[in-house]
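Keep in mind the model is a prediction, meaning the values are calculated, not measured. All chains are named by letter (A, B, ...) in the order of the sequence lines, taking the proteins before the strands, and each is independently numbered beginning at 1.
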Amino acid sequence: MSESYLDLDVTVRRGEKTLRFSLQADPGETIAVVGPNGAGKSTLLDAVAGTAPTEGSLHVAGQDWRRVPTHRRRVALVHQDHALFPHLSVRANVEYGARARGTGRAEARRRASDLLQLLEVGELAERRPGQLSGGQSQRVALARALATEPEVVLLDEPFAALDVAVAQRLREVLAERLAGFTGVTLLVTHDAVDLFTLADRVLVVEDGAVAQCGTPAEVAALPRTPHAARLVGRNVLHGRATKGRVVLDEGPELVTATPAEGPVLVTFNPSAVTLTTEEPHGSARNRWRTVVRRLVGAGDGATVRAHLGPPTLTVDLTTEAVAELGLHEGGPVWASLKATDVTVQEASA
Amino acid sequence: MSESYLDLDVTVRRGEKTLRFSLQADPGETIAVVGPNGAGKSTLLDAVAGTAPTEGSLHVAGQDWRRVPTHRRRVALVHQDHALFPHLSVRANVEYGARARGTGRAEARRRASDLLQLLEVGELAERRPGQLSGGQSQRVALARALATEPEVVLLDEPFAALDVAVAQRLREVLAERLAGFTGVTLLVTHDAVDLFTLADRVLVVEDGAVAQCGTPAEVAALPRTPHAARLVGRNVLHGRATKGRVVLDEGPELVTATPAEGPVLVTFNPSAVTLTTEEPHGSARNRWRTVVRRLVGAGDGATVRAHLGPPTLTVDLTTEAVAELGLHEGGPVWASLKATDVTVQEASA
Amino acid sequence: MSRAPLRLVVPATVAAVFLVVPVIGLLVDTPWSRFWTVVTGAEALDALRLSVVTALLSTLLCVVLGLPLAWVLARLEFPGRRLLRGLVTVPLVLPPVVGGVALLSALGRNGLLGRPLDDVLGVTLPYTTAAVVVAHTFVSMPFFVISAEGALRAVPSRMETASATLGAGPWLTFRRVSLPLALPGVAAGAVLSFARSLGEFGATITFAGNYPGTTRTMPSEVYTRLQDDRDVAVALSVVLLVVSVAVLVSLRERWLGGLGAA
Amino acid sequence: MSRAPLRLVVPATVAAVFLVVPVIGLLVDTPWSRFWTVVTGAEALDALRLSVVTALLSTLLCVVLGLPLAWVLARLEFPGRRLLRGLVTVPLVLPPVVGGVALLSALGRNGLLGRPLDDVLGVTLPYTTAAVVVAHTFVSMPFFVISAEGALRAVPSRMETASATLGAGPWLTFRRVSLPLALPGVAAGAVLSFARSLGEFGATITFAGNYPGTTRTMPSEVYTRLQDDRDVAVALSVVLLVVSVAVLVSLRERWLGGLGAA
Amino acid sequence: ACGSGGDDEAGSGDDQTLTVLAAASLTESFTDLKKEFEADHEGVKVKLVFDSSAALAELAEQGAPGDVLATADKRTMDEAEANDGTGSDPQQFATNVVTLAVPSANPGKITSFADIAKPGVSYVVCVPSAPCGAASQTLLKSNKITAKPASEETDVKAVLAKVTANEADAGLVYATDVTSAGDDVKGIEVPGAAADPNTYWVAQTSNAKAKDLAGDWIDLMRGADGKKVLTAAGFGTS
Ligand SMILES: Nc1ncnc2c1ncn2[C@@H]1O[C@H](COP(=O)(O)OP(=O)(O)OP(=O)(O)O)[C@@H](O)[C@H]1O
Ligand SMILES: Nc1ncnc2c1ncn2[C@@H]1O[C@H](COP(=O)(O)OP(=O)(O)OP(=O)(O)O)[C@@H](O)[C@H]1O
Ligand code: MOO
Ligand SMILES: [Mg+2]
Ligand SMILES: [Mg+2]
């Protein structure tokens with residue numbers, strides 16, 4: 001018998017690949033699952049829901065779920081492709097789960113109406129899924145999952161097709177719901193915002209295995225995989241370290257403040273990089289002549305992507321700085337970076 | 001005969017709704033199509049592709065496309081739900097378009113291999129779509145569309161299911177492809193990054209009609225719909241203006257520098273808001289006592305969502321500022337905003 | 001809608017002509033002057049009523065028993081499934097008269113099941129109206145099972161797993177998801193088996209005989225009248241034809257309407 | 001795989017028993033001692049060969065003509081489509097003997113099409129092997145068309161529009177997308193029509209006659225022998241049964257294998 | 001319930017119903033006799049069950065409902081008797097003579113039996129296993145005709161249908177068939193046919209419930225009224 005609310009240690013076969021996950025979670029926890037495409041995030045959810053053939057152990061609330069068929073596991077799953085029933089109205093789709101678990105007709109209907117209202121698709125209740133836009137169908141799928149009373153909530157990129165405003169509002173709606181929820185939520189996402197707005201912990205999955213598990217702040221500060229690093233917005237470079245220097249796999253050398261040996265991952269924030277038109281003479285020990293590859297302005301900040309040999313740096317600047325430096329795509333520029341701003345860690349993948 | 005490369009003025013019926021679009025585009029232009037869920041973005045693409053029944057006029061390169069059946073229109077469409085052929089391998093899916101348009105077997109195969117490689121799914125060529133993850137299938141759909149030689153490229157949220165790193169790389173790949181492309185590209189997106197990295201112009205669609213059309217910078221500076229404003233990251237409030245003051249629909253009054261009358265949209269950047277623990281005594285003419293609703297840290301910046309009566313403000317701060325102010329969720333705080341930082345425009349919707 | 005390719009429209013037209021012209025020929029040959037007297041004769045009406053009732057009953061049996069069988073073949077993995085599917089196809093290829101002989105050997109007074117049935121319950125099946133229904137069902141159930149199995153197989157398994165994650169057990173999933181999604185194919189199967197029952201002759205006459213009022217269905221009536229008056233037989237066939245198309249149309253709409261809205 | 005609900009397994013078992021027991025009865029009644037002599041008789045072998053060949057040819061015709069017809073019914077909007085579908089169903093409900101009469105009235109020497117055919121081309125169809133194929137096709141094509149139409153309807157229209165946006169015209173879309181996706185249903189339809197052809201008796205004997213070697217198929221042979229020696233008839237039926245199941249299995253695998261990989 | 005209900009209605013349990021199993025070629029004459037019989041026996045209903053003689057013999061052997069069995073040849077009656085299907089001694093009640101039928105238009109220009117051997121003439125016969133076929137074989141042989149038929153039909157009505165529909169130039173049928181076809185066909189005598197007619201037999205079934213009525217029916221058939229009806233249909237009743 002396990003001590004955690006959710007205690008999982010499973011292997012799943014997908015074609016020739018074998019994926020292996022292990023995870024413990026406490027009641028009320030929301031865990032963001034992140035990782036590159038094809039890492040196995042959806043597969044992990046399938047394993048918990050019992051919709052993929054699974055070996056190993058899986059306990060929820062002290063119950064051995066490997067002996068419980070899918071329809072008796074109290075899960076709520078939002079499929080990545082929604083999987084709405086095409087022959088049922090939106091309302092009937094949402095009522096389905098409650099009805100299947102024995103809720104009365106009136107109560108199921110009330111719950112469905114409330115949820116559809118909450119997700120701002122109340123007026124679509126009588127439509128068929130084929131008559132919905134992508135984002136509308138995404139919201140109905142979310143409503144359908146939330147209409148049941150699950151022990152485990154499994155959300156596979158629930159905000160992917162949503163417009164910004166709705167996504168933001170739904171994050172808040174979900175945050176409120178999850179705050180009062182005593183089960184465990186697994187939320188697959190490619191959006192860093194979800195990590196910081198919804199998650200208690202982040203599970204980083206890479207190549208069919210768990211690569212890291214920690215609080216959002218921990219993962220943001222010290223991401224262990226290139227994907228996690230990029231997700232939280234850091235620059236990521238690969239190289240080999242010897243005595244405080246890192247020879248990048250493609251490109252120049254880099255001076256760091258952390259001693260390390262062997263293959264490493266070097267990460268630093270986009271705002272840690274300073275751009276100048278003249279060669280810089282400050283304290284920054286790393287300086288490279290590069291070329292502005294792309295210049296992107298969003299709101300009143302700007303992002304510069306600069307070539308550093310083949311690797312590309314992402315640099316954040318204010319719009320004024322861009323104007324002052326007279327940056328333009330294809331133009332030359334000096335980039336400098338303090339050794340102390342660089343994080344070095346052993347390469348995990 | 002029209003003068004633009006793409007000249008479109010159509011109405012499309014969807015259920016009881018009638019949608020109406022009009023748009024002119026020059027050769028080589030990439031137009032981002034943005035708007036809330038259900039606004040009609042996918043429908044616009046369908047109208048151009050000829051896969052939705054359409055009235056009105058539609059000319060491409062001087063040809064009347066309303067008389068051209070879909071399969072003779074040289075379009076490349078990435079469906080929001082991918083619509084890969086489940087019975088064909090990934091490779092055969094990608095070869096399909098080229099083969100249908102008469103390209104030889106070897107050439108089609110070469111092109112498919114190149115594209116799959118480019119989109120980093122080369123090793124999945126022999127798989128069936130049912131054996132792909134969500135993001136893998138998204139990339140295959142993109143490859144399939146790009147393998148043809150279209151006059152018009154229609155991309156419906158092509159990066160939606162992609163992981164951050166891949167999305168970023170594919171944006172660059174796409175940017176390069178589109179740079180050399182002489183046709184017109186319509187790119188539906190919910191991500192502001194796409195506006196600034198890929199688009200020459202932005203078409204804002206709202207409730208089945210074009211609400212705004214301009215360069216990304218124009219739309220970012222003066223978004224005409226709440227959705228566009230939120231997309232580019234601005235705070236959006238609704239209210240009624242009288243003599244330089246705006247009475248917000250829900251919440252306090254606001255002083256602005258722009259004279260206006262009647263219903264208005266008030267927008268300002270998250271970084272224009274200053275937070276203090278004491279009542280501020282500076283030049284800022286708008287100041288409110290509010291409560292920190294959520295506190296979100298990403299990388300080394302932080303976003304604060306604060307209650308202003310019912311409307312919520314988004315405020316960007318540095319992590320240090322958060323620590324200095326001792327902000328915590330539920331804690332009180334003063335927000336101030338200069339009248340000159342506020343943009344006022346007549347409400348369009 | 002893009003234009004229809006000639007490569008499809010031309011053979012389709014040939015097929016339609018091929019199927020329709022003989023029916024027209026039949027209508028041309030019909031003795032319209034005597035038509036009314038013929039079709040309102042007591043015997044003809046009896047046979048018609050019997051045919052429609054037994055065909056509907058047998059369709060009902062096909063659905064009630066055949067749908068579960070189709071589901072088992074489509075969804076369960078068990079040893080001998082391929083063999084079972086093969087065996088289910090067998091009545092399809094049996095000439096109907098032989099089907100009747102086979103039914104006698106199974107359910108006749110001295111049959112494998114017929115003898116215990118007779119000894120224990122005192123029920124003899126052959127030569128009764130029930131035997132007509134049994135013969136129809138035996139001949140037409142394979143049509144239903146094969147159509148329905150194909151339709152059930154075509155239901156995406158994602159739909160069924162989605163239903164399971166929402167707490168629906170296999171039975172509820174079958175009833176509320178798989179069956180509605182497979183409905184067009186299932187309905188087509190029911191149409192096929194109803195039609196086959198209506199036209200069936202060989203197995204019925206062999207297993208159930210040709211007793212007016214109890215086992216003489218329209219095809220048997222037509223066969224009988226073919227012996228003495230070909231015109232009457234043709235007129236009866238036309239009636240069968242009209243009635244069955246009418247039943248099919250109303251059945252199809254009632255059924256599809258009813259289940260679709262459920 | 002979750003457990004099978006009894007509500008489905010029990011009726012499925014009843015259905016399977018109902019379909020299988022008569023076949024077992026037939027096997028029990030088979031005169032095994034004379035079996036070999038009977039089935040290797042020249043007449044039996046002739047009839048068997050003829051049956052298999054004509055049934056295969058007619059299945060081919062059903063597919064070649066019926067598939068386009070199914071597509072037209074499933075995908076084209078035109079006035080009279082519902083009527084056409086109704087008419088296509090008619091041969092299904094016609095008792096087979098009447099089907100034969102109808103074919104004679106259309107394609108016989110004095111038939112609507114038969115007379116011009118005879119006058120102009122000097123071709124008379126009845127009593128030839130071709131007539132057997134025609135009779136089989138007439139009776140079994142509706143089975144194919146209804147199954148195939150259902151399967152084509154079930155192909156999501158998104159797949160067809162996706163194909164069109166990739167530059168594929170309706171014909172290519174049909175060949176490379178709609179047909180492969182509908183293949184299970186289409187194959188089931190072909191199985192049904194092949195099986196129906198193999199067992200068909202009434203229409204064949206009426207339209208094509210019963211001449212050994214050219215038009216006497218297995219069912220006619222069986223029927224003929226039923227008049228004088230029931231044992232022989234049963235033995236022949238068993239042969240028909242075994243051969244047809246063998247053909248079905250190999251056909252099914254070849255076809256599904258072949259097209260699936262295309 | 002349906003099973004036993006059907007059984008009752010089929011009539012063997014009810015004295016007021018007489019069920020007659022009759023060869024298909026007797027359809028017209030027995031339908032006439034039924035009217036006469038019902039007029040003579042108030043409250044009695046006659047059920048006529050037509051099928052091939054072999055199928056009827058099978059019915060009698062299986063104990064299917066039926067009081068009287070009338071077959072179109074001796075062999076099937078013998079078979080029924082041998083398998084305990086009969087409840088009284090079979091009696092011959094009619095004969096039928098093989099005749100050549102040609103369409104009234106006579107496309108083959110046939111005037112004698114020997115003409116069917118002319119090149120280009122298509123004729124049809126019954127299968128040898130059917131009674132009419134066996135008789136035809138004998139006659140073709142005795143008349144030294146070797147030309148092959150276009151088809152061997154399973155029963156004589158199928159042969160007649162081919163001739164009436166003008167699909168065949170000639171067909172070997174029974175005299176009764178020529179009579180029933182009326183103006184559609186012409187009959188041509190077959191040399192030697194009258195000497196070796198086909199015989200019709202009748203008996204009570206072993207399962208007969210309405211034994212008295214069955215006797216009455218057999219008497220009617222074999223009496224003057226029966227002979228009149230049978231003769232009118234083209235049977236011989238000597
Ligand atoms: N049926 C299958 N057969 C073979 N391989 C499969 C099958 N289904 C999935 N896979 C593979 O298993 C791996 C994990 O897939 P999964 O869907 O869990 O990825 P994911 O992390 O959800 O990715 P994404 O972000 O793209 O949705 C992928 O590499 C995928 O290609
Ligand atoms: N078949 C249909 N019948 C009725 N209404 C439909 C149908 N298809 C789409 N709609 C409606 O038409 C509107 C436009 O849909 P469309 O798919 O173009 O939206 P969209 O802008 O692409 O949204 P999203 O961002 O959610 O993908 C929506 O309100 C949708 O509900
Ligand atoms: O093939 Mo049949 O008995 O004539 O239906
Ligand atoms: Mg996934
Ligand atoms: Mg859309």
Proximity breakdown for B:Glu157 and chain A, heavy-atom pairs closer than 4.5 Å =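 For B:Glu157, side-chain heavy atoms alone lie under 4.5 Å from chain A.
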query = For B:Ala217, is it the side chain, the backbone, both or neither that has a heavy atom under 4.5 Å from a heavy atom of chain A?
reply =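 It is neither, since no heavy atom gets under 4.5 Å.
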A:Asp163 side chain to B:Gly35 backbone, donor-acceptor under 3.5 Å =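 Checked: no pair found.
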ask   = Using a cut-off of under 4.5 Å for heavy-atom pairs, which of A:Val34, A:Val164, A:Val166 has the most such pairs with chain B?
value =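 The answer is A:Val164.
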message = Looking at chain B, which one of A:Ala39, A:Ala161, A:Gly40 has the largest number of heavy-atom pairs inside 4.5 Å, strictly under?
response =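 Heavy-atom pair counts peak at A:Ala161.
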message = If I measure from the heavy atoms of chain B, does A:Ala175 come under 4.5 Å with its side chain, its backbone, both, or neither?
response =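 For A:Ala175, the contact with chain B is made by the side chain alone.
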query = Of the backbone (N, CA, C, O) and the side chain (C-beta and beyond), which part of A:Arg14 lies under 4.5 Å from a heavy atom of chain B, both, or neither?
reply =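 It is neither, since no heavy atom gets under 4.5 Å.
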query = Which pair of heavy atoms, one from B:Gly38 and one from A:Ser133, lies closest together, and at what distance?
reply =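 Closest approach of B:Gly38 to A:Ser133, heavy atoms only: N-OG, 3.3 Å.
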task = State, to 0.1 Å, how close B:Gln80 and A:Gly134 come at their nearest heavy-atom pair, and which atoms those are.
result =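 Closest approach of B:Gln80 to A:Gly134, heavy atoms only: NE2-CA, 3.4 Å.
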inquiry  = Here's a test for you: under side-chain hydrogen bond (donor to acceptor under 3.5 Å, both in side chains), which of B:Gln138, B:Arg139, B:Glu120 qualifies with A:Asn37?
reply    =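 Among B:Gln138, B:Arg139, B:Glu120, the one meeting side-chain hydrogen bond (donor to acceptor under 3.5 Å, both in side chains) with A:Asn37 is B:Arg139.
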